[in-house]
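Structure, as structure tokens:
Numbers for residues simply follow the sequence, beginning at 1.
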Amino acid sequence: MHADRALRRTVFRGAPALLVALGGLLVTGTPVAASGPVTGAGLTWTTSVPDGTNFLDGMSCASSSFCVGVDDAGSALVYDGSSWSAPVAADTGQDLQAVSCPTTTFCAATDFQGGVVTYNGTSWSARNDINGVERLLAVSCATTTFCIAVDGNGNAFQYNGSTWPSTPIGGYVLTAVSCPTTGYCMAMDFQGGYYQFNGTSWTSRVVSPDTNSGNGLSCRSATFCTAVGSTGTAEIWNGTSWIADTGVASTLNAVSCPAAGSCVAIDDSGAVYRLTGTTWSSGTDVDGTVSMSSISCSSSNFCATGGDLGTAVVGTAHGGVSGYRLAAADGGVFAYGTTFDGSAASLHLAKPIVGITRTPDGAGYWLVGADGGVFAYGDAGFFGSAGGSHLTAPMVGMAPTADGLGYWLVGADGSVLPFGDAVSHGSLPSLRVVPNRPVVGMAATPSGAGYWLVGADGGIYAFGDAPYAGSLGGTTLNRPVVGMAAGPTGYWLVAADGGVFAYGGTGFFGSAAALHLNAPVVGMAATGDGGGYWLAASDGGVFAYGDASFPGSAGSIHLAAPVVGLATGS
């Protein structure tokens with residue numbers, strides 16, 4: 001929170017009768033429906049008033065179906081993809097300033113009195129007073145065991161999974177911090193000074209070109225950050241210096257960057273602005289009746305903002321994603337309606353590529369080879385591979401963890417290999433289970449705490465928190481199952497003839513089973529809201545169903561190698 005905002009809140013608190021009157025008009029005790037949509041900054045925005053009285057000073061979205069907002073009365077509310085919960089007491093009697101949720105099962109929220117509370121997806125912890133009475137103005141968590149909170153006295157507190165040891169990094173009021181990884185953070189003070197963390201220590205203070213850019217900060221990596229401030233300037237960090245754009249707005253309160261070169265900022269009048277590359281769009285009022293002070297974007301296609309009088313505004317793109325990428329066996333990648341971030345087509349591959357999967361924000365992707373080699377592009381991190389290892393069976397696919405800081409590889413025998421922050425929840429060999437037909441793919445649950453494996457016979461194997469919702473095991477199929485996709489509540493299976501099978505409350509939106517296909521279907525991917533899906537064929541043909549858009553395909557291209565999979569983009 002910046003000083004202007006703190007001053008404005010003090011003025012409001014001086015008029016309790018007004019707040020009571022407003023509260024009497026707005027608070028209902030139940031979630032409030034959204035009002036009419038507004039299109040701006042590439043998203044469609046809908047307003048709701050889930051709180052009604054208090055300021056939503058903090059907002060964090062781990063996905064398009066999980067956001068947490070916190071207010072100045074110590075309450076928190078959760079967005080589930082369609083509506084907001086009523087406020088619940090999270091930090092009774094305290095003034096919550098900020099919240100960060102790297103996954104759907106962990107959030108940390110800081111308060112004005114120097115305390116922290118954490119959320120496990122179900123309930124809030126007891127308050128941990130980590131620095132007495134000094135205000136904790138911002139927090140950022142890269143993982144469930146790494147967070148940085150900063151205070152009004154120039155201290156940074158590093159969460160290690162249990163405690164919050166402190167490090168003085170400057171004598172200024174620290175108003176913003178962003179940690180894209182455990183090895184890099186940037187903190188900013190209200191006078192535009194910035195500090196960088198390399199995983200071990202903080203640099204000394206350096207002043208940015210705009211000395212008022214401390215209102216909001218969002219980093220995707222050590223080479224891309226955006227800072228915004230009270231003069232309406234937005235600054236972009238390229239790893240060595242700041243590039244300032246001074247004409248964005250009059251006062252920018254917060255910014256969120258789901259990908260490098262893609263950010264959404266919010267101003268003091270409730271207008272949103274989008275950064276694409278190095279250019280900002282003009283502002284669009286998404287709720288001009290109140291001031292919005294916080295924003296979080298889980299992807300380029302989903303953001304949520306919070307502001308005065310408990311107002312929340314959610315911005316979504318059609319279907320939750322704007323495009324997809326096809327991967328070929330030779331490592332070629334074909335992008336439609338989204339960015340192309342590189343391919344392995346020019347490399348000498350030891351084994352063919354067998355799959356592609358997107359990062360959580362859709363701004364990058366991984367390719368996996370049959371030998372377990374992994375190739376990372378865009379904002380995808382490389383966390384290891386099985387290339388060169390002795391495998392019990394060829395790899396057939398992969399799935400990312402919820403925070404994108406790890407992934408699992410799956411073999412045809414049902415073996416599962418975790419990398420990065422991925423945790424093994426089990427495999428078929430560990431259970432001494434031999435699948436009736438080879439495993440052909442996997443999908444992770446939205447929480448990242450479990451996964452499903454699917455066999456060519458449609459058999460489903462559920463691990464961790466993945467619920468078993470049914471399978472095709474024992475069913476006579478026209479063609480084998482070739483892949484699966486996870487939805488908000490269940491999963492879909494797809495067969496080589498284009499047949500689609502929906503389980504666990506996911507919708508059936510059509511299939512290609514009745515079509516004469518030029519080539520067999522090889523995989524599928526779902527839209528972000530679970531309201532549709534795409535099928536991909538080996539000749540590069542794409543079939544869109546439900547709310548899935550069709551920006552193009554490789555069906556008319558002479559391919560050097562067949563397409564083996566499809567992954568959505570941002």
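Rounding to the nearest 0.5 Å places CG of L326 at 11.5 Å from CH2 of W534. Here the CE atom belonging to M186 is positioned 13.5 Å from the CD1 atom belonging to I148, to the nearest 0.5 angstrom. One distance of note links CZ of R274 with OG of S262; it measures 5.0 Å at 0.5 Å rounding. Here the OG-CZ distance, from S447 to F106, works out to 15.0 Å after rounding to the nearest 0.5 Å. Note that OH of Y194 and CH2 of W237 are 4.0 Å apart. Values are rounded to the nearest 0.5 Å. With rounding to the nearest 0.5 Å, the separation of CG in D80 from OG1 in T104 is 12.5 Å.
Under the 2.5 Å cut-off for SG-SG separation, C263 and C297 do not qualify: their sulfur atoms lie farther apart than that. Between C219 and C179, the sulfur-to-sulfur (SG-SG) separation does not fall under 2.5 Å.
Residues A495 and V482 share a closest heavy-atom pair of C-CG2, 4.0 Å. Minimum heavy-atom separation, A329 to L349: O-CD1, 4.1 Å. Taking both residues in full, the closest heavy atoms of N238 and I243 are given as ND2-CD1, 4.1 Å, listed atom of the first, atom of the second, then distance. Of all non-hydrogen atoms in T338 and A335, the two that sit nearest each other are O-CB, 3.7 Å. Of all non-hydrogen atoms in A328 and A561, the two that sit nearest each other are CB-O, 3.7 Å. Summarising the geometry of H425 relative to G448, their closest heavy-atom pair is NE2-O, 3.9 Å, with the distance given to 0.1 Å.
Not one N or O on the side chain of T103 forms a donor-acceptor pair closer than 3.5 Å with the backbone of A402. No donor-acceptor distance shorter than 3.5 angstrom exists from the side chain of T445 to the backbone of A466, with no hydrogens or angles considered. Side chain of Y377 to backbone of A344: a donor-acceptor contact under 3.5 angstrom is found. T401 contributes a side-chain N or O that, together with a main-chain N or O of G406, makes up a donor-acceptor pair within less than 3.5 Å. Within the 3.5 Å criterion, the main-chain N or O of P551 finds no donor-acceptor partner in the side chain of S549. A donor-acceptor contact shorter than 3.5 Å links the side chain of T359 to the backbone of G364.
In this structure the side chain of M59 never reaches within 4.5 angstrom of the side chain of S256, judged on heavy atoms. Side-chain contact check for T39 versus T44: some heavy-atom pair is nearer than 4.5 Å. Looking only at side-chain heavy atoms (C-beta outward), Y407 and V374 come within less than 4.5 Å of each other. A heavy-atom distance below 4.5 Å is found between the side chains of F302 and C67. Residues L453 and V416 meet the side-chain proximity criterion, which asks for heavy atoms closer than 4.5 Å. Taking 4.5 Å as the limit, every side-chain heavy atom of F375 sits out of range of all side-chain heavy atoms of Y365. The shortest distance between side-chain heavy atoms of W452 and P467 falls below 4.5 Å. The shortest distance between side-chain heavy atoms of V410 and W408 does not fall below 4.5 Å.
Here salt bridge (charged side-chain N to carboxylate O under 4.0 Å, His left out) pairs that include residues 335-351, with residues two or more places apart or in two chains, are R325-D341.
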List, one per line, each side-chain donor-acceptor pair under 3.5 Å for residues 382-399, sequence neighbours excluded.
unit_1 : atom_1 : unit_2 : atom_2 : d
S385   : OG     : G387   : N      : 3.2
S389   : OG     : A386   : O      : 3.2
T392   : OG1    : D413   : OD2    : 2.6

Solution key, residues 506-517 side-chain donor-acceptor pairs under 3.5 Å, sequence neighbours excluded:
unit_1 : atom_1 : unit_2 : atom_2 : d
T506   : OG1    : Y491   : O      : 3.3
T506   : OG1    : Y503   : N      : 3.2
T506   : OG1    : Y503   : O      : 3.0
S511   : OG     : A513   : N      : 3.3

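A donor atom on one side chain and an acceptor atom on the other are found under 3.5 Å apart for R358 and T568. For the residue pair D421/T143, the side-chain donor-acceptor check at 3.5 Å is not satisfied.
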* To do: Carefully, step by step, assess C141 and C107 under the rule disulfide bond (SG atoms under 2.5 Å apart).
  => CA-CA 8 Å; C141 300; C107 301; over 6 Å; no
* side chain to side chain contact (heavy atoms under 4.5 Å, CB included) between L217 and C225: does it pass, once the steps are laid out? -> CA-CA 7 Å; L217 174 68; C225 300; 4.3 Å; yes
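Classification of the F197-F146 ring pair by plane angle, with boundaries at 30° and 60°, yields parallel.
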